[in-house]
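Worth saying up front: this structure is predicted, and the values here are computed from it rather than measured. Letters A, B, ... mirror the listed sequences (proteins, then strands); counts begin at 1.
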Amino acid sequence: MGILLWLIPMALALGALGLWAFLWALRSGQFDDLDGAAARILFDDDQPRKGPR
Amino acid sequence: VSVLGRAAPVDAPQSAAACAHCGAPVPPGAGRFCCTGCEGAHHLVQGLGLDAFYRRRDMADGALRPVPPPTLDFGVHVVRERDGAQRLDLIVSGLTCGACVWLVEQALLAEPGVHRARANLSTRRLGIVFEGEAARANELAALIARLGFRVAPFSPACLRASEDAEGRELARALGIAAFGAMNVMLVSVGTWSGGEMGEQTRHLMHWLAALIGLPTVLVAGMPLYRSAWRALRAGRLNMDCAVSLGVIATALMSLSETIRNGPFTWFDGATALLALMLAGRLLDRAARRRARQAVAEVLALQEGQVQVLGAPVPVPVERVAPGARILVAGGERLRLDAVLESDEALLDTAATTGESLPRRFVAGEALAAGGVNMGAPFVARVTAAAQDGSLAAMARLVERAEQARGRFPALADRAARIYVPIAHVVALLTFLGWWFLAGVPWQAALVPAVAALIITCPCGLAIAVPAVQVVAAGALFRRGVLVASPTALERLATADHVVLDKTGTLTEGRPRLLPGGWHDDELRAAAAIARASRHPLAQALVRACPEAPAREGVVETPGRGLSAGDDRLGSATFCGLAPDGTGMSLHLVRPGSPPVAFRFADAMRPDAAAAVAAFRRAGLGVELLSGDAPETVAQAAAEAGIAVHRGAADPAAKARRIAELAAEGRRVLMVGDGVNDAAALASAHVSAAPGEGVDLAQAASDFVLQGGGLLPLAEAITRAREAQRVAAQNIAFAFLYNIVAVPVAIAGLATPLIAALVMASSSLAVIGNALRLGRESR
């Protein structure tokens with residue numbers, strides 16, 4: 001049963017890490033535009049070059 | 001919505017000729033474009049090297065036809081950021097697919113000096129960061145308008161509508177609850193399956209569960225507790241009261257079991273229940289997000305600035321004081337009540353009175369806010385500030401009526417009203433029974449009582465109705481019907497009488513050229529002159545012959561006609577002919593050729609008669625109520641097959657009629673699009689507005705119809721009834737489940753494992769039942 005002393009805190013820490021990542025993503029606006037994010041991944045990278053600034 | 005697939009490359013041969021920019025059908029022989037705006041937009045896109053857009057876009061044909069850029073000064077909306085760059089926030093209407101986002105962003109980024117352009121497809125918000133003068137904002141906005149998107153400043157009004165602070169809080173709570181539930185479950189499964197687990201290890205496990213479970217219940221439950229508290233304070237019981245009590249009682253009972261080291265704790269049940277409830281709530285919001293968005297867009301597009309004489313820049317409407325003299329440009333909407341100072345003005349008052357043709361006003365006449373200037377620019381003196389004007393009065397009327405309607409109890413809440421007291425009494429009797437009759441200590445008696453509470457906890461109920469709502473709203477969305485209010489479907493299902501507005505609802509709200517004895521080249525010549533005017537009849541001519549080139553040197557006499565050289569196009573008197581009295585015709589007079597008459601009619605929507613028949617089939621009485629002249633109304637009624645009709649009804653008369661019907665015990669579905677319908681819309685049992693209607697009408701409605709048809713609404717009634725049936729089934733099913741499960745809990749036989757199984761299986765069953773609604777019925 002001694003293994004529990006390691007495993008349970010580890011499991012909880014990993015879970016908490018996941019929760020923190022979710023809350024961070026929520027706060028930084030990653031969930032604000034779910035429709036757009038789904039489309040953006042398909043955009044090409046060949047952006048038009050700008051003229052000289 | 002996919003960027004790939006669907007839309008075929010435009011340059012490939014197609015069966016019917018379609019405009020190379022907007023995709024609308026083009027008459028044969030007219031070239032690749034439906035209008036000069038589209039041609040310009042296409043060249044713009046090609047010049048930027050962005051033609052890939054046409055292979056990827058996924059939007060309705062004709063939606064991208066460029067409109068004149070708004071007559072607003074975007075410069076005043078620019079915010080200077082700390083690093084010296086300028087930031088402009090716009091709301092972009094027509095941004096419907098990933099390809100549109102790509103086009104808009106790339107087109108802006110190709111402009112020199114634009115650092116950042118980011119469009120949000122869900123909220124239609126576009127943020128541009130650029131360097132240089134604030135006045136460049138107008139240039140950038142005009143660029144987007146030239147591509148075919150309508151733009152407006154991102155105002156506080158649309159921020160309110162699209163800002164989703166509540167949705168975000170729910171998402172956060174759901175994340176926390178899901179985290180808690182899963183981790184508590186991890187610990188709980190160990191205690192359930194670990195038969196040989198020592199008592200001390202189990203105690204440790206229970207403390208761990210408490211350590212995770214208690215904060216979760218405390219933090220993630222807040223949205224539910226708040227809603228329950230609000231209901232209690234208002235003297236009502238809703239579903240959240242039951243859920244809150246169940247969750248809190250379970251957490252406390254589990255804590256007491258943990259302290260005295262009982263065999264089971266129920267933290268997993270409490271947290272899982274919380275997660276389920278929050279998921280249901282979030283689904284419920286998502287179902288209405290699109291409708292809220294559509295209304296916010298209309299609000300933003302119609303909000304604007306006023307050109308006050310003597311002021312250097314346009315002024316926001318709410319800052320204009322009575323007595324100010326304002327200049328209303330051609331095509332602009334009059335936003336304040338005013339008295340006309342110019343000699344005459346031509347206003348399209350369809351939105352405020354329902355009249356289908358513009359009316360001519362002379363100096364000194366009062367103009368009501370909401371009309372659109374169809375003629376030359378005019379000067380008017382403001383008589384009331386925005387917050388005291390007729391539009392504001394109408395908005396207050398709408399608000400009052402909506403408050404009355406907001407008291408309509410949702411089906412789930414009605415069920416909760418019966419259900420919650422019974423569940424609580426059963427739990428209390430269980431507790432008392434075990435304590436006094438069976439003689440166990442009170443902590444032990446608490447266990448079966450709370451088990452009964454959590455098993456009766458209506459998770460089936462709370463997820464049953466949102467699941468049905470989401471599925472039904474999704475199915476309706478695909479047919480162009482947006483659901484705007486939480487109980488809209490329930491009310492639509494019970495409607496038994498429909499009242500239709502005429503202009504813009506039953507009809508298209510704009511005249512259409514009738515076939516006649518003219519030649520194509522005559523039509524072409526007339527359309528070439530008509531291009532210079534915004535008058536609805538002239539616009540109808542242009543629509544009938546979009547390929548006609550604009551003619552130079554056209555002079556407009558507002559409300560009468562147009563002249564180009566010796567050619568004249570206009571009313572009979574303007575052209576020197578005998579008056580024809582109908583008002584719905586234009587005459588073309590050219591030297592050396594006989595006069596030509598073009599006749600128009602406000603055309604019925606193509607599906608109007610079919611929709612009326614469908615309303616009848618669904619068992620609804622149909623009636624037409626309009627502000628237009630009684631004869632016109634009678635004619636439209638006959639055409640659509642409506643027996644009961646009334647014309648010349650002002651806004652108050654419309655609302656009165658709805659009240660009359662309600663007093664007769666009818667449940668009225670009101671459909672209308674104008675400012676004059678808003679009060680009637682808000683006071684009806686349930687209401688719908690076409691997507692092209694004015695903001696106030698849409699804000700007052702439960703449904704927004706996109707795609708301009710009435711038939712989908714008639715179909716929506718059937719679907720709403722179906723949804724109600726499934727919701728009732730789900731509720732009955734949840735009750736049935738409890739009748740079986742509660743005795744087990746009362747007898748003290750329920751373990752947390754059984755409770756978890758009951759909860760999960762009943763939720764799954766209910767969701768599965770709701771999903772049946774999404775299947776397309778054929």
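For B:R172, the CZ atom sits in a loose shell: 12 or fewer heavy atoms of surrounding residues, nucleotides or ligands are nearer than 6.0 Å. When the shell of 6.0 Å around CD of B:Q200 is examined, it contains 12 or fewer heavy atoms from other residues, nucleotides or ligands. Surrounding CD of B:E133 are at most 12 heavy atoms belonging to other residues, nucleotides or ligands under 6.0 Å away.
The distance from atom CD1 of A:I8 to atom CG of B:L211, rounded to the nearest 0.5 Å, is 11.0 Å.
In this structure, the portions of B:I176 lying under 4.5 Å from any heavy atom of chain A include both its backbone and its side chain. In this structure, the portions of A:A11 lying under 4.5 Å from any heavy atom of chain B include both its backbone and its side chain. Only the side chain of B:N183 has a heavy atom closer than 4.5 Å to any heavy atom of chain A. Looking at B:M182, there are no atoms closer than 4.5 Å to chain A (heavy atoms on both sides), in backbone or side chain. Of the atoms belonging to A:L26, heavy atoms from both backbone and side chain fall under 4.5 Å from chain B.
Taking B:R87 as the reference, B:D89 meet the side chain to side chain donor-acceptor pair (under 3.5 Å) condition, with sequence neighbours excluded. Remark: B:W207 engages B:H203 in a side chain to side chain donor-acceptor pair (under 3.5 Å) (not counting sequence neighbours).
Between B:R168 and A:R27, the shortest heavy-atom distance links the atoms NH1-O, 4.0 Å.
Side-chain contact between B:L208 and A:L12: present, with at least one pair of heavy atoms (C-beta onward) separated by less than 4.5 Å.
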